[in-house]
Amino acid sequence: MSIKIYNTLTRKKEELQTLEPGKVRMYVCGVTVYDRAHIGHAMSAMVFDIIRRYLQYRGYEVRYVMNFTDVDDKIIQRANQRGEDPFTLSERYIREYQQNLADLNILPATVNPRATNEMAQIITMINGLIDGGYAYSVDGDVYFRVKMDEDYGRLSGRQLDEMQAGARIEVDERKENPLDFALWKAAKPGEPAWEAPWGQGRPGWHIECSAMNLHHLGEQIDIHGGGNDLIFPHHENEIAQTESLTGKPFARYWVHNGLLNLSGEKMSKSTGVLITINDYLTQHSANAFRMLVLTSAYRNPLAFSNEIIEQAERGVERLQSALRPGMPGTDGISSEAERNLGKQADATRAAFIAAMDDDFNTAGALGSMFDLVRALNQARADGATSGDLEPAQATLLELAGVLGLRLQPEDDSGSQAADPFIGLLLDLRQDLRKQKLFDLADGIRQRLLDLDVLVEDTKEGSSWRWSKRA
RNA sequence: GGCGACGUGGCCAAGUGGGAAGGCAAGGGUCUGCAAAACCCUGAUCACGGGUUCAAAUCCCGUCGUCGCCUCCA
């Protein structure tokens with residue numbers, strides 16, 4: 001069985017065939033660091049984190065590149081407003097974003113190139129495009145000549161003459177064609193600038209991604225990803241630049257995630273409709289956000305609301321419920337029941353892989369995991385010991401790990417430290433219950449709950465766990 | 001105006017020609033001093049209208065609705 005990926009370029013699911021067997025070269029458009037990142041950025045990063053983890057699970061060696069756009073108009077504007085150096089500003093937001101990603105359990109990229117570190121490559125590329133007649137300079141600006149690219153528009157399904165140039169923005173009369181886009185912008189006084197044959201300036205937005213791809217992955221790559229708002233013009237322009245220069249097909253698979261909606265509207269920095277990742281994490285867990293992303297198809301728009309994220313949080317708890325140990329003092333289940341649990345674990349893994357192979361159908365994969373959750377909880381209710389449950393639990397943890405869900409607390413040193421004291425309280429409470437002093441026993445339970453310690457009584461005794469955990 | 005996506009039970013959502021997954025919520029039950037958890041049970045004329053087919057949530061046409069892109073955007 002092979003992996004199928006929906007390719008925006010062909011609008012079909014295609015079998016993944018990498019340039020080099022067993023290796024995937026993958027590039028995902030990162031963020032422009034002029035402000036805090038929001039949960040829409042988090043969604044995109046998470047979608048590609050899941051894809052990357054799954055490819056690795058299926059045995060691919062993944063070289064994963066995600067860039068930072070650390071010089072552009074908005075960064076300069078914001079820095080000027082604050083009387084701050086633009087590079088100090090961008091550096092701060094890069095650090096913050098990397099922390100956000102770590103907090104969300106998103107694996108770091110193999111390389112995180114920055115536009116400002118790629119100037120030599122960018123200038124070389126622009127030179128090459130000018131030499132080939134694909135670009136021209138005007139007053140220190142350099143533009144890409146879209147007419148020279150015969151299949152311009154094929155990613156976004158547009159024809160040059162169909163597009164209403166200037167429909168929403170004034171046409172720059174100096175351009176040969178309104179759709180020609182900037183490769184290089186001449187510097188205004190006081191702006192950060194680099195030396196180039198056409199004068200001082202800085203790169204346009206699209207060229208940096210082409211340059212970084214060339215530099216860090218080569219002329220051809222396997223997967224190029226990003227939000228579907230980047231299809232046009234950003235990715236269209238990347239294709240135009242890179243292919244005009246190399247004469248080779250650029251990315252084999254173009255993968256785009258749907259956008260996150262907040263109260264029915266796209267979240268975006270420019271409209272101010274957004275929730276930052278920092279704000280999100282003060283209210284909810286990283287697992288819940290991942291669960292939210294996993295329960296829907298990555299290509300569809302995703303609605304965000306408190307109700308929906310709470311549902312996701314409950315879903316995570318249900319997955320976690322299957323990892324609890326067996327009841328103490330039971331005889332275990334029959335060997336047949338144990339075999340059946342093992343069969344369910346194998347069936348779940350097979351269904352999981354089949355779903356994920358089909359264009360990363362995470363919702364389907366989760367569905368099979370919940371089948372295993374039920375089987376585990378049934379076995380426990382039937383008297384399985386921890387040892388009986390362990391192999392199937394290991395499978396569940398394995399699959400959760402592939403999706404990047406952390407079902408067990410990464411660091412339970414807090415629990416270990418608290419354990420003797422809570423144990424003491426539970427012993428005390430047990431005595432009170434024996435004496436039928438239920439008001440006092442219930443009081444202790446409530447006070448512990450106020451401290452996020454959830455106490456559960458069973459026939460064999462009381463157990464506790466944290467009621468809120470990232 | 002052009003291009004594209006989507007509309008499945010109260011909420012989220014998978015499934016794209018032949019048995020409507022799963023999660024959350026709700027109700028009933030088992031267990032329990034109570035609670036919680038877990039387990040068992042309960043629910044869908046798949047937006048609407050035509051058409052193709054032995055057979056349609058799934059394919060085709062149309063209508064309505066929601067959203068994205070066409071400007072910077074994940």
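Order of the sequence lines sets the chain letters (A, B, ...), proteins ahead of strands, with each chain counted from 1. Just so it is clear, the model here is predicted, and its values are computed rather than measured.
A donor-acceptor contact under 3.5 angstrom links the side-chain atoms of A:Gln311 to the base of B:C11. For B:C39, the base has no donor-acceptor partner in the side chain of A:Asp382 [N/O atoms by modelled type, under 3.5 angstrom]. Checked by distance alone, A:Arg445 brings a side-chain donor or acceptor within 3.5 Å of a matching partner on the base of B:A35.
Of all nucleotides listed (B:A14, B:A38, B:C12), B:C12 comes nearest to the side chain of A:Thr295. Proximity note for A:Asp371 (side chain, C-beta onward) versus B:A14, B:C11, B:G22: the nearest is B:G22. Here the side chain of A:Met43 is nearest to one of B:A74, B:C11, B:A35, namely B:A74. For A:Arg433, taking side-chain heavy atoms from C-beta onward, the closest of the listed nucleotides B:A25, B:A37, B:C34 is B:C34. Here the nucleotide nearest the side chain of A:Asp229, chosen from B:A35, B:A14, B:A74, is B:A74. With B:C34, B:A74, B:A14 as the candidates, the nucleotide lying closest to the side chain of A:Val31 is B:A74. In the set B:A37, B:C70, B:C12, the nucleotide with an atom closest to the side chain of A:Phe232 is B:C70. Minimum atom distance to the side chain of A:Arg318 is reached by B:A38, of the listed B:G68, B:A38, B:A36. Listed nucleotides B:A38, B:C70, B:A14 differ in distance to A:Ser321; the shortest reach to its side chain belongs to B:A38. Picking from B:A37, B:G10, B:C40 the nucleotide with the shortest atom distance to the side chain of A:Arg374 gives B:C40.
Stacking between A:Phe438 and the base of B:G33 is present: ring centres sit under 5.5 Å apart and the planes differ by under 30 degrees.
Atom CG in A:Leu376 sits roughly 15 Å away from atom C1' in B:A37 (whole-Å rounding). The distance from atom CG of A:Asn100 to atom P of B:A74 is 14 Å, rounded to the nearest whole Å. If you take OH of A:Tyr280 and P of B:A74, they are 20 Å apart, rounded to a whole angstrom. Atoms CD1 (A:Ile231) and C1' (B:C72) sit 16 Å apart, rounded to a whole Å. Between A:Asp442 atom CG and B:U32 atom C1' there is a gap of 12 Å when expressed in whole angstrom units. Per the geometry, CG belonging to A:Asn377 stands 20 Å off P belonging to B:U30, to the nearest Å. In this structure, A:Lys436 atom NZ and B:U32 atom P are separated by 12 Å, rounded to whole Å. When the P atom of B:A74 is taken as reference, atom CZ of A:Arg52 falls 20 Å away, rounded to whole Å.
The pair A:Asp457-A:Arg429 meets the salt-bridge criterion, with a side-chain N (NZ, NE, NH1 or NH2) lying under 4.0 Å from an Asp/Glu carboxylate O. Residues A:Glu317 and A:Arg314 are paired through a salt bridge, judged by an N-O separation under 4.0 Å between the basic side chain and the carboxylate. With salt bridges taken as basic N to acidic carboxylate O contacts below 4.0 Å, one links A:Glu191 and A:Arg202.
Listed by chain and residue number, A:Arg78 satisfy the side chain to side chain donor-acceptor pair (under 3.5 Å) test with A:Asp35 (two or more places apart in sequence, or in another chain).
Residues A:Gln283 and A:Asp279 have side chains that never bring a donor and an acceptor to within less than 3.5 angstrom of each other. The closest side-chain donor-acceptor pair between A:Glu96 and A:Asn100, if any, does not fall under 3.5 angstrom.
Using a 4.0 Å heavy-atom criterion, one finds that A:Gly30 contacts the sugar-phosphate atoms exclusively.
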